[in-house]
Amino acid sequence: MPSWNLAGLLHRLTKDNLSRMSKAKAAPPPGCTLDIKDPQVQEAAIRIQASYRGHRSRKELREKGPPKFLQELKDVVLLEGSAAKLECRVSAFPDPFIVWSKDGAELKDGPKYRYVFEGLDVVALVVRDGVLADLGKYTVTIKNPFGMTSGSACILIEVPAKVTKGPDSVKAKKGTTVVLKADIAGEPPPDVGWLKDGEDIEEDDRIFYDIGDTNTILTIKNAQRSDAGKYEVFVENNLGTDQSFARVDIL
């Protein structure tokens, strides 16, 4: 075979192989091509660009000025042992400095009180492990270099009625005054009653009881042997009931 024919054959084989390799490498997988002339592809590209520009410039477009409320604080109800969240919406640029206080005393961000910021404009305070002492007026103060504003709301605590310390049993001499005292709690404030041997006590000038914010006192003047028996203090509100007992002996 002439040498020039062999050289030409090798040239053609090499050219064909390179062409096939180039095509195999350049060909994308099926379904992975985009036609930039497709109107839907062009519209999607425009939306992506607009979204990016809007995200980048949103903060730049905010107007500088003093803080102002977009949504005020509202009173919330906190059930004993649970958590409550006070929140408001605020417009402020530059970003403001936030302070929460309760009944005039500043609250520090920590395990009990948690400062919360959500999105661009939501400011919140989370009060954890609710107890009766959390009842009160809460204020948020918001300030930046252009001014200051503040708003307030109350946390209302709901606590089941309970007798936190029951009356002590008593032994007393005839003719003396007997006093039974019980410590109570509850929010809303509970209804309170006293019973003797399972029957409601009918108050008069000799036997009567007083109800305070945190206790109730039963008084028996000029005690008689008929006053001996089992006494019960009973408390109730819409969240629960409780009772405690004591024995009175007249000697």
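Applying side-chain contact (heavy atoms from CB on, under 4.5 Å) to L78 and the options L86, I155, V159, L132 leaves one that passes, I155. Test K102, R128, K112 against D134 for side chain to side chain donor-acceptor pair (under 3.5 Å) and you get one pass: K112. Between P190 and the options V235, V163, T216, a side-chain contact (heavy atoms from CB on, under 4.5 Å) holds for only V235.
With E187 contributing its side chain and L156 its backbone, the two residues share no donor-acceptor pair below 3.5 Å. Between the side chain of T164 and the backbone N or O of D183, at least one donor-acceptor pair lies under 3.5 Å. Of the possible polar contacts, none joining the S150 side chain to the T141 backbone as a donor-acceptor pair under 3.5 Å is found. A donor-acceptor distance shorter than 3.5 angstrom exists from the side chain of D103 to the backbone of K137, with no hydrogens or angles considered. A donor-acceptor distance shorter than 3.5 angstrom exists from the side chain of Q224 to the backbone of N222, with no hydrogens or angles considered. In this structure, the side chain of D210 does not engage the main chain of I217 through any donor-acceptor pair within 3.5 Å. Proximity of a side-chain donor or acceptor of D75 to a complementary backbone N or O of C154 within less than 3.5 Å is detected. Using a distance-only test at 3.5 Å, with no hydrogens or angles considered, a donor-acceptor pair links the side chain of N144 to the main chain of G65.
To the nearest 0.5 Å, atom CD of residue Q71 and atom CD of residue E87 are 6.5 Å apart. S226 contributes atom OG, which lies 8.5 Å from atom CD1 of I250 (distance to the nearest 0.5 angstrom). Once rounded to the nearest 0.5 Å, the distance linking CG of L107 with OG1 of T139 reads 9.5 Å. Note that CG of L135 and CD of E158 are 11.0 Å apart. Values are rounded to the nearest 0.5 Å. Separating the OG1 atom in T219 from the CZ atom in R206 is a distance of 11.5 Å, to the nearest 0.5 Å. Rounded to the nearest 0.5 angstrom, L251 CG and K171 NZ are separated by 7.0 Å.
A 4.5 Å side-chain heavy-atom check between D242 and I184 finds every atom pair outside the cut-off. Proximity of V178 to D227: side-chain heavy atoms (C-beta onward) are nowhere separated by under 4.5 Å. The side-chain heavy atoms of Y231 and I220, taken from C-beta on, include a pair separated by under 4.5 Å. Taking 4.5 Å as the limit, some side-chain heavy atom of N238 sits within range of a side-chain heavy atom of P188.
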task = Determine, stepwise, if the pair Y138 / L125 fulfils side-chain contact (heavy atoms from CB on, under 4.5 Å).
result = CA-CA 9 Å; Y138 290 75; L125 177 73; 3.9 Å; yes

### Task
Apply the test side-chain contact (heavy atoms from CB on, under 4.5 Å) to residues I207 and L218: give CA-CA distance (whole Å), side-chain angles for both, the deciding distance (0.1 Å), then the verdict.
CA-CA 7 Å; I207 302 176; L218 173 68; 4.1 Å; yes

Any chance you could lay out the side-chain contact (heavy atoms from CB on, under 4.5 Å) test for W194 and L180, step after step, and finish with the verdict?
CA-CA 10 Å; W194 286 85; L180 298 178; 3.9 Å; yes

Applying side-chain contact (heavy atoms from CB on, under 4.5 Å) to F69 and V140, what does each step give before you reach the verdict? CA-CA 11 Å; F69 284 102; V140 59; 4.2 Å; yes

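Neither L239 nor V76 shares a network with the other; the hydrophobic side chains, linked directly or stepwise wherever heavy atoms of I, L, V, M, F, W or Y lie under 4.5 Å apart, form separate groups for each. F208 and V233 fall into different hydrophobic clusters, defined by Ile, Leu, Val, Met, Phe, Trp and Tyr side-chain heavy atoms under 4.5 Å apart, directly or through other members. Note on Y209: it clusters hydrophobically with V248, by side-chain heavy-atom contacts below 4.5 Å among ILVMFWY residues. Hydrophobic clustering (side-chain heavy atoms under 4.5 Å, transitive across Ile, Leu, Val, Met, Phe, Trp, Tyr) groups F117 together with I142.
For the pair K64 and F146, the cation-pi criterion (under 6.0 Å, within 45° of the ring axis) is not fulfilled.
Note: W100 and Y115 have perpendicular aromatic rings, judged against thresholds of 30 and 60 degrees for the angle between ring planes.
Closest of all the heavy-atom pairs between P67 and V90 is CB-CG1, 4.4 Å. Across all non-hydrogen atoms, the minimal contact from E236 to T241 is CG-CG2, 3.4 Å. Closest of all the heavy-atom pairs between A153 and L73 is CB-CB, 3.7 Å. The shortest heavy-atom contact between A182 and P167 is CB-CD, 3.9 Å.
Using a 4.0 Å cut-off between charged side-chain N and carboxylate O, K74 and E72 make no salt bridge. R89 and D121 are joined by a salt bridge, as a carboxylate oxygen and a charged side-chain nitrogen come within less than 4.0 angstrom of each other.
Environment of CD in E199: sparse, with no more than 12 heavy atoms of neighbouring residues, nucleotides or ligands closer than 6.0 Å. Within a 6.0 Å sphere centred on NZ of K196, other residues, nucleotides and ligands contribute more than 12 heavy atoms. Within a 6.0 Å sphere centred on CG of D213, other residues, nucleotides and ligands contribute 12 heavy atoms or fewer.
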